[in-house]
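These notes concern the structure reproduced below.
All residue numbers refer to positions in the sequence shown, counting from 1.
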Amino acid sequence: MDGPNNCPSPKLHTRLRLWEFADRYVFEPVDGLADLLLSVSRVNGSMNLIEELPQRGPSTNPKVQIVFGVIGVLKLAVGTYLLVITDRDCVGSYLGHAVFKVIGLRVLPCNSSISASAEQKNVDTEFSELLDAAERTIGLYFSYDSNLTVTSQRLHELGDEFKSLPLWRQAEPRFLWNGYLLEPLIENKMHQYLLPVIQGSFQSIHAEVRSEKVNVTLIARRCTRRIGTRMWRRGADPEGYAANFVESEQIMQSNGFTASYVQVRGSMPFLWEQIVDLTYKPSFDVVRVEEAPRVLERHFHDLQKKYGAVVAVDLVNTHGGEGRLYERYAKSIEPILSEDIRFVHFDFHKICGHIHFERLSQLYDQIEDYLKKHKYFLLSDKGEKIEQQTGTTRTNCVDCLDRTNVTQSMIGRNLLESQLQRIGVFGANDTVSNFPDFDANYKVLWANHGDAISTQYSGTPALKGDFVRYGKRTTQGILNDLWNALARYYLNNFADGTKQDAMDLLQGHYISSVSRDMAAPVKEGLLENYASFGLAFALILVAVMFMIISLRQARNDARHLVLSLLWAGLCIGISQYVKTNGRMFCNRPRFHQSRH
């Protein structure tokens with residue numbers, strides 16, 4: 001392969017006119033970059049470059065629309081599908097280059113040659129549901145000119161030769177959301193159409209501190225290795241990849257200086273699960289207990305290779321189901337604890353309760369020495385490295401959403417203040433709170449960050465978000481938490497199975513991916529595949545109704561005490577039935593997985 005100096009990286013197309021002919025899709029660059037057109041067959045998904053549009057006769061009337069990039073190609077038993085960006089929104093800049101959020105996705109089918117047998121139609125119907133879910137994927141970001149998948153420090157360390165490579169070759173595989181989808185384009189050498197995409201969040205704020213401008217950018221990069229939904233992806237897999245693993249990088253620019261701090265979150269890194277069964281809080285089950293130390297060691301070894309030292313901050317309760325997880329975590333990590341791997345447990349609910357989040361300062365006191373020792377990344381106004389971050393903070397609760405985001409925002413705030421003091425924008429005793437506008441915007445920055453990560457994993461914004469957003473708990477915030485908790489219950493039980501399948505589909509984790517010549521989807525039991533939400537919901541409503549009747553009758557007329565006890569007994573019986581058999585009513589993932 002030619003080196004970068006011999007074969008400079010071509011610029012990516014930023015705007016394409018999509019022509020939908022009867023037999024093919026044609027992507028015509030309209031961004032001023034002279035290049036060939038991309039033609040994709042609607043019959044079998046084969047692709048090639050052409051010099052001009054096909055001839056159009058009087059009867060030819062192709063649909064035409066503007067698209068902003070090809071996310072990739074999905075090859076399935078039911079045919080090939082293209083994913084294209086139909087709408088975008090510029091959300092800021094990274095290293096001087098524009099960053100866009102995907103606002104609209106469209107799936108283009110290329111399967112007109114496949115015979116429509118009864119079996120194929122059934123499979124097609126199932127996959128159509130997943131493709132519809134794929135089109136609704138949220139939190140996707142991209143840049144045509146900058147590598148969003150790596151941190152500022154890593155990008156600074158890489159040489160000019162590396163930076164001259166095409167963006168897809170520069171990308172960190174863990175955070176390249178469309179890595180699997182790009183494979184057919186890579187194989188066909190469609191270099192100007194290879195657009196790397198991350199899932200997560202990208203937000204910026206601008207403030208003025210006295211006479212100095214301060215820009216703060218917060219980036220979330222979601223790892224794709226164990227991507228999934230809240231209840232269907234817990235813990236770690238045998239290779240040590242943790243669920244809901246997200247890298248958060250806070251970048252500050254002011255007075256010519258650039259500073260950043262990277263911290264991560266992720267599910268407790270051993271084998272455990274929490275399978276939905278219609279109860280509000282399904283039980284936690286540690287799987288293959290004897291493997292926990294090995295899986296955990298793999299996870300932390302990988303973190304050390306990428307980030308250096310690690311302090312693991314565990315925020316779960318010390319009692320109940322969470323307590324059992326905490327005990328397993330603490331026991332499994334003990335053999336690898338060292339100067340470079342620390343474990344700090346902080347019972348968030350016990351210490352902070354539901355309103356006293358300012359008590360997080362107690363946690364900061366425990367890790368302050370570690371943060372000062374391992375510092376942050378800092379570049380001078382001449383682009384020279386002054387400081388290097390040599391360790392990271394890994395935070396978790398059960399979901400790694402609500403308690404975790406509150407804690408990470410506290411760490412980010414303290415590091416930001418330290419950076420601004422270091423470059424002289426803040427005085428020795430200044431804090432972000434001393435500047436009301438800056439303070440308000442910074443709180444919103446982290447609140448939006450937490451909401452984005454939470455919505456991708458659980459389907460709702462983060463709980464406790466009012467504290468991050470306003471610096472205190474509010475009545476409206478508590479009511480929002482109640483609503484979001486109920487919404488999570490519904491989504492986790494009755495919607496996330498399909499969403500999980502769609503995620504696995506897009507990441508190439510399905511056994512049914514024909515591009516890997518694998519078998520067709522394996523169907524499970526009838527009740528598991530076609531679970532009746534209506535029946536399950538009706539049982540719950542009946543149980544509640546009986547409970548209300550029993551309480552009223554017992555209160556208003558003692559003669560109805562026996563009847564009231566019967567109602568209550570029936571209510572308990574129905575509730576127990578739902579608890580025992582709840583899993584068959586839930587929307588579960590329908591296909592087995594295979595790591596790609």
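- Side chain of H299 to backbone of G240: a donor-acceptor contact under 3.5 angstrom is found.
- Evaluated for a side-chain contact (heavy atoms from CB on, under 4.5 Å) with E28, the options H13, R15, R17 yield exactly one hit, R17.
- Residues Q456 and R222 bring a donor and an acceptor atom of their side chains to less than 3.5 Å of each other.
- A donor-acceptor pair is defined here as one N or O able to donate and one able to accept, closer than 3.5 Å; no such pair exists between the side chain of Y307 and the backbone of V262.
- From R359, atom CZ reaches atom CZ of F346 across 9.5 Å, with rounding to the nearest 0.5 Å.
- Panel note: side chain N178, backbone L195; a donor-acceptor pair is recorded below 3.5 Å.
- Using cut-offs of 30° and 60° on the angle between ring planes, the pair Y141 and F202 is tilted.
- Heavy atoms of other residues, nucleotides or ligands lying less than 6.0 angstrom from NE2 of H97 number more than 12.
- Taking a cutoff of 4.0 Å between a charged side-chain nitrogen and a carboxylate oxygen, R221 and E249 qualify as a salt bridge.
- Taking all atoms of both residues into account, the shortest heavy-atom contact from A236 to L271 is O-CD2, 2.9 Å.
- Within the 3.5 Å criterion, the main-chain N or O of A452 finds no donor-acceptor partner in the side chain of S201.
- With a 4.5 Å cut-off on side-chain heavy atoms, R225 and E239 do not count as touching.
- Residues V295 and P269 approach most closely at CG1-O, 3.7 Å, considering heavy atoms.
- Comment: D145 engages K11 in a salt bridge, judged by a side-chain N to carboxylate O separation of less than 4.0 angstrom.
- Residues F343 and D314 form a side-chain contact, since some pair of their non-hydrogen atoms from C-beta on lies under 4.5 Å apart.
- L148 contributes atom CG, which lies 13.0 Å from atom CD of E172 (distance to the nearest 0.5 angstrom).
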Inset, instruction - Take D302 and K306, measure what salt bridge (Lys or Arg N to Asp or Glu O under 4.0 Å) needs, and give me the verdict at the end. - result: CA-CA 6 Å; D302 184 60; K306 291 178 169 63; 2.7 Å; yes
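- Proximity of a side-chain donor or acceptor of N405 to a complementary backbone N or O of L401 within less than 3.5 Å is not detected.
- Among all heavy-atom pairs drawn from C397 and D402, the shortest one is SG-N, 4.4 Å.
- Comment: K373 engages E339 in a salt bridge, judged by a side-chain N to carboxylate O separation of less than 4.0 angstrom.
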Legend entry - Residues E322, R403; criterion salt bridge (Lys or Arg N to Asp or Glu O under 4.0 Å); working and verdict: CA-CA 13 Å; E322 290 192 15; R403 288 170 279 184; 3.2 Å; yes
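- Under the 3.5 Å distance criterion, the side-chain polar atoms of T151 are matched with a main-chain donor or acceptor of R154.
- Here the options are F175, Y94, F100, W168, the test is ring-ring contact (aromatic ring centres under 6.0 Å, His included), and the partner is F142; only F100 passes.
- Between R394 and A242, the closest heavy-atom pair is NH2-CB, 3.8 Å.
- Using a 30° and 60° split on the angle between ring planes, Y442 and W446 fall in the perpendicular class, above 60°.
- Side chain of N448 to main chain of L445: no donor-acceptor pair is present (N/O by atom type, distance under 3.5 Å, no hydrogens or angles).
- Here salt bridge (Lys or Arg N to Asp or Glu O under 4.0 Å) pairs that include residues 191-218, with residues two or more places apart or in two chains, are R210-D430.
- Listed by chain and number, the residues in a salt bridge (Lys or Arg N to Asp or Glu O under 4.0 Å) with E387 are K375, R422 (sequence neighbours excluded).
- Under the salt bridge (Lys or Arg N to Asp or Glu O under 4.0 Å) criterion, K385 pairs with no residue at all, not counting sequence neighbours.
- No donor-acceptor distance shorter than 3.5 angstrom exists from the side chain of Y326 to the backbone of D347, with no hydrogens or angles considered.
- Counting heavy atoms of neighbouring residues, nucleotides and ligands inside a 6.0 Å radius, atom CG of N429 does not exceed 12 of them.
- Nearest approach of L181 to L74, heavy atoms of both residues: CD2-CD1, 3.8 Å.
- A 4.5 Å side-chain heavy-atom check between L337 and R342 finds every atom pair outside the cut-off.
- Surrounding CD of E135 are more than 12 heavy atoms belonging to other residues, nucleotides or ligands, all under 6.0 Å away.
- Salt bridge absent: K101 and D87 never bring a charged side-chain N and a carboxylate O closer than 4.0 Å.
- The existence of a salt bridge linking D237 and R298 is excluded, since no basic side-chain nitrogen approaches an acidic carboxylate oxygen closer than 4.0 Å.
- Between K443 and D439 a salt bridge is recorded (basic side-chain N to carboxylate O distance below 4.0 Å).
- Between V264 and T393 the shortest side-chain heavy-atom distance does not fall below 4.5 Å.
- Judged by distance alone, with hydrogens and angles left aside, the side-chain atoms of S146 form no donor-acceptor pair with the main-chain N or O of S143 at under 3.5 Å.
- Side chain to side chain, S204 and T217 meet the donor-acceptor criterion of an N or O pair below 3.5 Å.
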Inset, instruction - Please step through side chain to side chain donor-acceptor pair (under 3.5 Å) for the pair T149 and N147, ending with a clear verdict. - result: CA-CA 6 Å; T149 66; N147 184 358; 2.6 Å; yes
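- Under the 4.0 Å criterion applied to side-chain N and carboxylate O atoms, K382 and E384 are not assigned as salt-bridge partners.
- Cation-pi check for R226 over Y241 is not met; the charged atom does not lie both under 6.0 angstrom from the ring centroid and within 45 degrees of its normal.
- Minimum heavy-atom separation, H449 to A220: CE1-CB, 3.3 Å.
- Panel note: side chain S418, backbone N414; no donor-acceptor pair is recorded below 3.5 Å.
- Between F435 and F426, the distance from one ring center to the other falls under 6.0 angstrom.
- If you look at F377 and H156, their ring centroids are closer than 6.0 Å.
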